[in-house]
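In what follows, a single structure is set out as structure tokens and then discussed.
All residue numbers in this chain count up from 1 along the given sequence. Just so you know, ligand 1 is whichever comes first in the structure, and atom 1 is the first atom listed for that ligand. The model shown is predicted, which means the values in this text are computed figures rather than measured ones.
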Amino acid sequence: MIIDMASLSPNQVYFSLIQTVIPRPIAWVLSDNGDGSHNLAPFSYFNAVASDPPLIMLSIGSRPDGSPKDTRENIEQRKHFVVHIAHPEMLESLNETSRSLPSGQSELERISVDLTDFGGFSLPRISQCRVALACELYSSQRLGSDQLLILGQVQKIYVADEACEKDAKGRSRIRADLINPIGRLGTDEYCTMGEVISLRRPA
Ligand SMILES: Cc1cc2nc3c(=O)[nH]c(=O)nc-3n(C[C@H](O)[C@H](O)[C@H](O)COP(=O)(O)O)c2cc1C
């Protein structure tokens, strides 16, 4: 089957993309509502895109009424945000934070997670997540009529000690299976980590 994008409605294009570009990592993004409260929402148009400078990307759309989603508004206005990587035990909470709430109402009141200081960064991180990235808005670009591409410069990375191990030379190694991230598939489906395969790159 060949799917010709030009013949599809925007909704069909969306479903074709999210069911084929899989699995996608999920950024669980904490941002600043500007009134002392925090916003939390998941985004799977997400990846690391550069290392010098260290950049991640998010692509955030609008609400059905055309107004920008809170995360997008918060990042554009206050620049700082924290991306978390969630594990399967957090999936229900992560999903709950994708609910469309009125602006300024915090998703954090609806789930049970704790916030902790992020090494002096202006925003806290979720204690239960094994990975968190403290980010500052680097640049943003409008994509088409609806999306905003956000590039965030990573300032600090938190990795839980339980996801690290020391090799024979005493060097720290971060273990993917111990981070145990969840990934996003099409529509309402998610995946968990399968087998980890080691394969050296050809010289
Ligand atoms: C796993 C998952 C991934 C999502 N990825 C995106 C995404 O990449 N871009 C987007 O605009 N919305 C995405 N959404 C929808 C947002 O999470 C949802 O619109 C949320 O209400 C936005 O919250 P906010 O207005 O508080 O920022 C995703 C939802 C889920 C459950």
Report summary line: atom 8 (O) of ligand 1: closest protein heavy atom, distance to 0.1 Å, is Tyr45 N, 2.8 Å
Query raised in the report: Against heavy atoms of Thr71, which atoms of ligand 1 measure under 4.0 Å?
Result: 24 (P), 27 (O)
Query - Enumerated ligand 1 atoms positioned under 4.0 Å from heavy atoms of Asp70 - result: 24 (P), 25 (O), 26 (O), 27 (O)
Query raised in the report: Hey, is Asp167 close enough to Lys169 for a salt bridge, meaning N to O under 4.0 Å?
Result: no
Query raised in the report: Is Glu107 in polar range of ligand 1, meaning some N or O pair under 3.5 Å apart?
Result: yes
Requested in this report: Nearest 0.5 Å please: distance from the CG atom of Leu108 over to the CD atom of Glu96.
Outcome: 11.5 Å
Query raised in the report: With a 4.0 Å heavy-atom cut-off (strictly under), which part of Ser31 contacts ligand 1: side chain, backbone, both or neither?
Result: neither
Report task. Evaluate the ring planes of Phe121 and His80, with Trp represented by its six-membered ring, and classify them as parallel (under 30°), tilted (30 to 60°) or perpendicular (over 60°). Result -> parallel
Requested in this report: Assess whether salt bridge (Lys or Arg N to Asp or Glu O under 4.0 Å) is satisfied between Lys79 and Asp32, documenting all intermediate values.
Outcome: CA-CA 9 Å; Lys79 318 295 181 205; Asp32 181 356; over 6 Å; no
Query raised in the report: What residue and heavy atom of the protein are closest to atom 21 (O) of ligand 1, and at what distance?
Result: Ser98 O, 2.9 Å
Query raised in the report: What protein heavy atom sits nearest atom 5 (N) of ligand 1, and how far away is it?
Result: Ser44 N, 2.8 Å
Query - Donor-acceptor contact below 3.5 Å, side chain Ser51 vs main chain Pro54 - result: no
Report summary line: Quick look: Arg99 vs ligand 1, heavy-atom contacts under 4.0 Å, and the answer is backbone
Query raised in the report: Side chains of Asp35 and Ser37: donor-acceptor distance under 3.5 Å anywhere?
Result: yes
Query raised in the report: Do Asn33 and Asn74 have a side chain donor and acceptor closer than 3.5 Å?
Result: yes
Requested in this report: Take every heavy atom of Phe46, measure it against each atom of ligand 1, and state whether any distance is under 4.0 Å.
Outcome: no
Query raised in the report: If you measure only the distance, is there a donor-acceptor pair under 3.5 Å linking the side chains of Gln153 and Glu136?
Result: no
Query raised in the report: Hey, which atoms in ligand 1 end up nearer than 4.0 Å to a heavy atom of Ile60?
Result: 11 (O)
Query raised in the report: Can you tell me if CD1 on Ile174 sees more than 12 non-hydrogen neighbours from other groups inside 6.0 Å?
Result: no
Query raised in the report: Does ligand 1 have a heavy atom under 4.0 Å from the side chain of Lys69, from its backbone, from both, or from neither?
Result: both
Query raised in the report: Quick one: does Asn95 get an N or O within less than 3.5 Å of an N or O on ligand 1?
Result: no
Report task. Considering heavy atoms of the protein only, find what lies nearest to atom 7 (C) of ligand 1 and give residue, atom and distance to 0.1 Å. Result -> Phe43 CD2, 3.5 Å
Report task. Check the side chains of Lys166 and Ser172 for a donor-acceptor pair under 3.5 angstrom, ignoring hydrogens and angles. Result -> yes
Query raised in the report: For Tyr190, is at least one N or O under 3.5 Å away from an N or O on ligand 1?
Result: no
Query raised in the report: Is the shortest side-chain N to carboxylate O distance from Asp70 to Arg63 below 4.0 Å?
Result: yes
Query raised in the report: So, does Gln147 sit close enough to ligand 1 that a heavy atom of it is under 4.0 Å from the ligand?
Result: no
Query - Under-4.0 Å heavy-atom contact with ligand 1, by part of Ala41 that carries it - result: side chain
Query raised in the report: Quick one: does Pro42 get an N or O within less than 3.5 Å of an N or O on ligand 1?
Result: yes
Report summary line: Taking only non-hydrogen atoms of Ser59 and a 4.0 Å limit, the atoms of ligand 1 in range are 7 (C), 8 (O), 9 (N), 10 (C), 11 (O)
**Report entry** Residues Glu162 and Arg130 bridged, charged N to O under 4.0 Å
**Finding:** yes
Query raised in the report: If you measure from atom 3 (C) of ligand 1 to every heavy atom of Glu96, Arg184, Glu189, which option wins on shortest distance?
Result: Arg184
